[in-house]
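Below, each value reflects all heavy atoms present in this structure, side chains not excepted, and no hydrogens, waters or symmetry copies.
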Amino acid sequence: MKKVLIFFITTILLFSFTEFGYSQLTGRDIMIKVDEQQDVKSQYAKTKMTLINKRGKTRIRDVLRYEKSYDGEKGIDTKTLIFFEYPPDIRGTGLLLWSYEDIKKDDDRWLYLPALKKIKRIAGESKNDYFMGTDFTYDDMGGREVDEDTHELLGQDEIDGINCYKVQSISVDKNNMYSKKIGWVIPEKWVVFKVDFYDKRGKLLKELRASDFRNVNNVWTPFKLHMNNISKNHQTVIEVEDMKYNIEIENQVFTKTTLQRGRVK
């Protein structure tokens with residue numbers, strides 16, 4: 001299933017790989033385990049987003065996120081709805097995402113801007129644009145199927161005292177803005193602890209780190225994420241204030257009607 005990376009990176013494990021006997025796993029095997037660990041039917045999250053520019057000036061955003069798995073029903077993998085609640089000048093701004101199981105099919109994305117009272121479809125060529133001044137692209141917001149990338153196990157590595165598998169992922173889509181991503185995966189818990197994003201020239205573009213790990217409904221969840229955009233000298237920090245998994249969410253939530261209304265209820 002496609003999963004939004006930023007809401008499922010998690011906990012710390014302080015044991016060696018040999019103790020677990022996973023030495024024969026491939027890069028793809030590891031990422032499948034990460035995907036399976038994140039497998040939930042639905043999720044709701046309330047978050048505070050802080051944007052930090054090169055002068056240290058901050059802007060605060062309050063954000064609600066709803067997501068539901070459709071397990072391939074009519075080819076759909078997941079549907080996601082994101083709303084901004086604060087500040088007042090962007091309240092009601094929303095993003096609707098429909099992700100598909102077919103890795104050759106682009107996600108459908110719609111952006112609603114209350115000031116214009118108009119829904120804008122985000123075309124495939126715009127998926128690499130940054131979303132609402134953050135350091136996450138539209139493509140980042142939608143998550144990825146495991147096989148949208150090829151995965152190579154680079155070895156075992158220790159980062160901040162944590163033993164991890166180091167996995168390189170390269171998109172099968174040549175138009176993807178990243179030449180590669182390097183992720184550090186904690187075994188046994190099967191979560192990604194850190195990700196480095198590289199641009200088309202092979203230069204480090206962004207770094208994503210997670211902290212404040214909590215177990216929510218048996219899903220380990222980071223309650224703080226920090227994306228450092230090195231190329232733009234800009235940062236986005238996401239702090240989770242409330243998170244729920246496997247709750248009932250009506251299908252009507254994930255429609256353009258709800259998107260234009262600017263709220264779920």
Side-chain angles (χ1 to χ4, degrees), residues 1-17 20 22-40 77-78 99 103 127-128 134-174 176-213 219-231 235-238 240:
M1 294 177 59
K2 290 186 180 179
K3 302 293 176 188
V4 177
L5 182 64
I6 64 174
F7 292 114
F8 299 100
I9 302 175
T10 183
T11 196
I12 298 176
L13 191 67
L14 300 174
F15 301 99
S16 70
F17 295 99
F20 301 116
Y22 294 132
S23 59
Q24 302 304 312
L25 290 175
T26 66
R28 183 176 183 273
D29 292 336
I30 291 167
M31 298 314 295
I32 287 174
K33 286 182 176 291
V34 170
D35 186 69
E36 290 173 346
Q37 195 279 140
Q38 301 168 354
D39 191 10
V40 295
D77 184 41
T78 59
S99 301
I103 64 173
K127 65 182 180 181
N128 293 326
T134 74
D135 297 290
F136 296 89
T137 66
Y138 286 99
D139 201 36
D140 293 335
M141 301 297 290
R144 302 182 68 76
E145 292 278 3
V146 171
D147 289 328
E148 286 188 82
D149 303 281
T150 59
H151 307 281
E152 179 185 356
L153 176 60
L154 300 181
Q156 302 170 5
D157 194 14
E158 184 178 296
I159 181 169
D160 293 347
I162 304 167
N163 289 316
C164 299
Y165 284 119
K166 187 177 180 180
V167 179
Q168 174 179 276
S169 301
I170 298 176
S171 176
V172 298
D173 178 6
K174 302 304 180 183
N176 192 279
M177 71 178 292
Y178 308 122
S179 62
K180 64 181 178 181
K181 292 178 287 187
I182 306 260
W184 282 261
V185 177
I186 303 172
E188 194 68 14
K189 296 300 182 183
W190 304 115
V191 292
V192 182
F193 177 66
K194 178 179 184 286
V195 182
D196 287 348
F197 301 79
Y198 292 82
D199 65 19
K200 285 294 190 181
R201 297 170 295 174
K203 186 176 180 180
L204 182 60
L205 177 67
K206 301 188 297 186
E207 295 177 328
L208 177 67
R209 298 292 296 266
S211 60
D212 190 10
F213 309 106
V219 180
W220 283 98
T221 305
F223 270 57
K224 186 173 182 179
L225 296 129
H226 185 179
M227 180 73 91
N228 181 16
N229 193 325
I230 297 166
S231 68
Q235 301 170 65
T236 301
V237 178
I238 296 174
V240 178

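Considering all non-hydrogen atoms of both residues, Gln37 and Trp220 come closest at OE1-N, 3.8 Å. Closest of all the heavy-atom pairs between Val146 and Met31 is CG2-O, 3.9 Å. Here the shortest heavy-atom pairing between Val240 and Pro222 reads CG2-O, 3.8 Å.
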List the steps, then state whether side chain to side chain contact (heavy atoms under 4.5 Å, CB included) holds for Tyr198 with Leu204. CA-CA 4 Å; Tyr198 292 82; Leu204 182 60; 4.0 Å; yes
Report the C-alpha distance between Lys206 and Val195 in whole Å, list the side-chain angles of each, state the deciding distance to 0.1 Å, and finish with yes or no for side chain to side chain contact (heavy atoms under 4.5 Å, CB included). CA-CA 8 Å; Lys206 301 188 297 186; Val195 182; over 6 Å; no
Under the criterion side chain to side chain contact (heavy atoms under 4.5 Å, CB included), I'd like the reasoning laid out for Asn128 against Tyr178: C-alpha separation, chi angles, the key distance, then a yes or no. CA-CA 9 Å; Asn128 293 326; Tyr178 308 122; 6.0 Å; no
Output, in order, the C-alpha distance, side-chain angles, deciding distance and verdict of side chain to side chain contact (heavy atoms under 4.5 Å, CB included) for Cys164 and Ile186. CA-CA 5 Å; Cys164 299; Ile186 303 172; 4.0 Å; yes
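Side chains of Met177 and Phe197 form no contact here, defined as non-hydrogen atoms less than 4.5 Å apart. Residues Lys194 and Asp196 meet the side-chain proximity criterion, which asks for heavy atoms closer than 4.5 Å. A heavy-atom distance below 4.5 Å is found between the side chains of Tyr165 and Trp190.
Annotation: the span from Lys180 atom NZ to Asp199 atom CG amounts to 10.5 Å, rounded to 0.5 Å. Interatomic distance, CD1 of Ile238 versus CZ of Phe223, reported as 13.0 Å (0.5 Å rounding). Distance check, rounded to the nearest 0.5 Å: CD of Gln235 to OG1 of Thr134 gives 13.0 Å. Taking CD from Glu152 and CD1 from Ile170, the interatomic distance works out to 7.5 Å, rounded to the nearest 0.5 Å. Between the OG atom of Ser231 and the CG atom of Leu205 there is a distance of 4.0 Å, given to the nearest 0.5 Å. Taken to the nearest 0.5 Å, the NZ atom of Lys181 stands 7.5 Å off from the OG atom of Ser171.
Within the 3.5 Å criterion, the main-chain N or O of Lys224 finds no donor-acceptor partner in the side chain of Asp212. Put simply, the side chain of Thr236 gets close to the backbone of Asp135: a donor and an acceptor are under 3.5 Å apart. A distance-only check finds no donor-acceptor pair linking the side chain of Asp160 to the backbone of Ile162 [under 3.5 Å]. Under the 3.5 Å distance criterion, the side-chain polar atoms of Lys33 are left unmatched by any main-chain donor or acceptor of Lys189. A donor-acceptor pair under 3.5 Å is formed between the side chain of Asp140 and the backbone N or O of Thr137. Asp29 places a side-chain N or O within 3.5 Å of a backbone atom of Thr26 that can act as its donor or acceptor partner. Proximity of a side-chain donor or acceptor of Asp149 to a complementary backbone N or O of His151 within less than 3.5 Å is not detected.
The pair Lys127-Asp173 counts as a salt bridge, with a side-chain nitrogen and a carboxylate oxygen less than 4.0 angstrom apart. Using a cutoff of 4.0 Å between basic side-chain nitrogens and carboxylate oxygens, Arg144 and Asp139 are scored as salt-bridged.
The residue from Leu154, Leu153, Ile30 that alone fulfils the side chain to side chain contact (heavy atoms under 4.5 Å, CB included) condition with Lys166 is Leu154.
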